[in-house]
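Below: the structure, in structure tokens.
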Amino acid sequence: MSQRDSFGSRFGILAAAVGSAVGLGNIWKFPYMAGENGGGAFLLIYFVCIVLLGVPLMTSEFVIGRRGQRNAFGSFKKLAQKSHWPLVGVMGVVAAFAILSFYSVVAGWTLEYIVATIGGSLAKIQQGQMGDYFANFIDNPVRIVLWQLVFMVLTALIVAGGVKKGIERYSKLLMPMLFLLLIVMGIRAILLPNSAEGLKFMFYPDFSKVSVKTVLFALGQAFFSLSLGMGTLITYASYFNKEENLARTALNVSIADTLVAILAGVVIFPAVFSFGIAPSSGPSLVFITLPEIFRQMPMGGCFQLLFFLLLAVAALTSTVSVLEVVVAYFSEEFNLPRKKATWIAAASISVVGVLAALSFGPLKDVSIFGKNIFDSLDFTASNVLLPLGGLLIVVFVAWFMKPTDVRSEITNNGKLKSRFYPIYRFVIKFVAPVAIATILVYSIFVGSLG
Ligand code: PHE
């Protein structure tokens with residue numbers, strides 16, 4: 001067999017993994033979830049989920065991938081021969097289909113907004129009319145599907161380039177750009193009049209808003225945002241070198257991802273409060289509320305362009321990582337050349353994706369368990385497949401892998417100190433499985449009620 005592709009540098013690994021984690025989840029989903037679930041209180045619970053469950057689960061995915069040296073399915077197959085564990089990898093591929101199909105719809109919207117900002121058509125819209133503009137846009141099947149496909153093609157072009165020459169190269173370029181854009185936007189937002197109100201909303205925990213649902217959403221959001229539970233990080237870790245410190249990388253990626261989510265809040269909430277808009281305006285916060293605000297800001301058009309560029313860049317490095325799960329699986333398990341695997345994967349995902357795109361227009365009356373196609377894909381992936389995958393992954397590492405193998409991955413064969421190893425072991429053996437299982441059961445139950 002020819003040599004497997006791999007990442008070329010530590011910075012490359014970090015950029016790619018952070019690129020996967022940082023995406024629409026941080027900039028589009030996180031602010032509206034925090035807005036709807038009590039701001040600072042949500043943030044606090046979210047932190048607990050990240051530290052207690054996110055970092056240990058991410059470390060566990062890294063352990064499987066680097067030990068297995070294959071795609072998510074193949075890694076399980078190698079580590080647990082003649083068992084049903086590889087099915088977790090198949091579940092990851094299914095989750096990848098579900099996530100990419102709805103994710104690419106929203107990612108496509110960002111392209112429409114970039115073009116409409118540059119072309120000046122967004123600037124012409126009257127104050128207060130953004131809601132109508134957006135409603136018209138998502139009702140237009142041709143435009144939505146077109147942008148979605150453009151986004152899928154961009155994703156596929158990067159993935160087709162390979163791990164080092166595609167994924168790593170673009171992540172190293174795009175991620176620093178994203179941080180820069182975010183910081184510029186954050187400073188701009190803090191300088192707005194009355195921005196302190198927004199910051200207070202974001203950081204001051206008001207526990208009267210907290211309910212069981214808050215915890216469910218925070219966990220689902222933490223998994224989604226860190227790209228956990230579906231083999232993305234198993235796949236990426238199979239391209240890590242043997243010197244990479246897995247636990248430290250997991251910690252760094254989680255810190256970077258959380259920082260971006262907070263920064264996104266710092267960009268959005270001061271603006272929202274400064275212009276007297278309710279923070280809880282749901283998924284449309286970014287596509288209706290923000291453009292209304294940009295309209296009233298000096299040089300708003302410029303900042304609007306920067307913002308949607310930021311969103312598109314963030315989304316792109318994430319869609320790349322989701323597609324890679326499927327491509328690595330197709331190419332290694334079915335012996336396809338990478339390019340062919342990429343286009344087959346992208347094309348087949350686009351078929352499901354188009355259904356998600358149309359669920360705002362022509363297919364808006366099609367409902368599955370009371371949700372439209374877009375929402376059911378999101379729900380199935382974020383609230384069912386990711387927590388279930390995450391649960392099985394920690395159980396696998398904690399209870400089925402040989403403890404000496406796990407330890408040797410974490411310590412790089414004894415080269416690294418393992419002060420936190422006993423805590424990690426305890427968490428993945430007991431705390432994480434119980435917590436995730438409880439939340440999963442509630443999530444399906446409450447989710448299907450709500
Ligand atoms: N973490 C990405 C985000 O926050 C989404 C994602 C989920 C990517 C699962 C890969 C796997 O936008």
Side-chain angles (χ1 to χ4, degrees), residues 15-34 46 49-50 54-55 57-58 61-62 65 71-72 88-89 91-110 151-152 155 158-159 167 171 174-175 178 182 217-237 250 253-265 283 286 310-329 345 349 353 377-390 393:
V18 173
S20 168
V22 171
L24 295 176
N26 307 60
I27 306 170
W28 171 65
K29 257 188 170 182
F30 179 83
Y32 81 72
M33 284 219 166
Y46 181 77
C49 291
I50 297 275
V55 180
L57 173 53
M58 192 182 293
E61 289 208 25
F62 285 167
N71 64 84
V88 181
M91 222 171 74
V93 173
V94 174
F97 264 77
I99 291 183
L100 256 188
S101 16
F102 78 83
Y103 203 89
S104 57
V105 178
V106 182
W109 295 348
T110 65
F151 208 91
M152 285 301 292
T155 307
I158 295 181
V159 173
I167 301 176
S171 306
L174 295 174
M175 292 318 288
L178 180 132
L182 251 183
F217 288 147
L219 182 89
Q221 174 62 18
F223 276 23
F224 185 84
S225 189
L226 292 178
S227 308
L228 295 174
M230 55 162 285
T232 310
L233 299 173
I234 296 181
T235 310
Y236 270 19
V253 173
S254 307
I255 292 174
D257 185 71
T258 309
L259 261 179
V260 172
I262 295 176
L263 264 173
V286 155
L310 173 82
L311 206 54
V313 166
L316 187 59
T317 46
S318 298
T319 50
V320 161
S321 74
V322 187
L323 187 61
E324 178 62 23
V325 172
V326 186
V327 170
Y329 171 70
I349 292 171
L377 286 166
D378 183 4
F379 178 76
T380 313
S382 318
N383 296 19
V384 183
L385 295 175
L386 299 190
L388 187 60
I393 286 166

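Index from 1, following the sequence. First listed ligand is number 1; within each ligand, the first listed atom is number 1.
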query = When you measure from atom 5 (C) of ligand 1 to every protein heavy atom, which one gives the shortest distance, and what is it?
reply = Phe224 O, 3.6 Å
key: Geometric N/O contact Met230 with ligand 1, under 3.5 angstrom   = no
Sub-4.5 Å side-chain heavy-atom contact between Glu324 and Thr232 = no
task = Would you mind running through ligand 1 and noting each atom that sits below 4.0 Å from a heavy atom of Thr232?
result = 10 (C), 11 (C)
message = Distance alone, cut at 3.5 Å: any donor-acceptor contact between the side chains of Ser20 and Ser227?
response = yes
message = Please verify the inter-ring angle class for Tyr103 with Phe224; under 30° counts as parallel, over 60° as perpendicular, anything in between as tilted.
response = tilted
inquiry  = Restricting to non-hydrogen atoms, name the atom on Gly389 and the atom on Val88 that form the minimum distance, rounded to 0.1 Å.
reply    = O-CG1, 4.5 Å
message = Does any part of the side chain of Val313, heavy atoms only, come nearer than 4.5 Å to the side chain of Leu310, both counted from C-beta?
response = no
query = Taking all non-hydrogen atoms of both residues, which atom of Ser171 and which atom of Ile167 are closest, and how far apart?
reply = OG-O, 2.6 Å
key: Atoms of ligand 1, numbered as shown, that sit under 4.0 Å from any heavy atom of Leu24   = 12 (O)
ask   = Heavy atom under 4.0 Å from ligand 1: found in Ile99's side chain, backbone, both, or neither?
value = side chain
request  = Say whether Ala21, considering both its backbone and side-chain N or O atoms, lies within less than 3.5 Å of an N or O atom on ligand 1.
outcome  = yes
Minimum-distance pair of heavy atoms, taken over all atoms of Ala345 and Leu323 = CB-CD1, 3.9 Å
key: Distance from atom 12 (O) of ligand 1 to nearest protein heavy atom, with residue and atom   = Tyr103 OH, 2.5 Å
Nearest protein heavy atom with distance in Å, relative to atom 8 (C) of ligand 1 = Ser227 OG, 3.3 Å
task = Among Asp378, Val106, Val286, Leu24, find the one that has a side chain to side chain contact (heavy atoms under 4.5 Å, CB included) with Lys29.
result = Asp378
ask   = If you measure every N/O of Gly25 against every N/O of ligand 1, is any gap under 3.5 Å?
value = yes
note = So the atoms of ligand 1 within less than 4.0 Å of a heavy atom of Val322 turn out to be 8 (C), 10 (C), 11 (C)
task = State the atoms of ligand 1, each with its element, that fall below the 4.0 Å cut-off from a heavy-atom position in Ser321.
result = 10 (C)
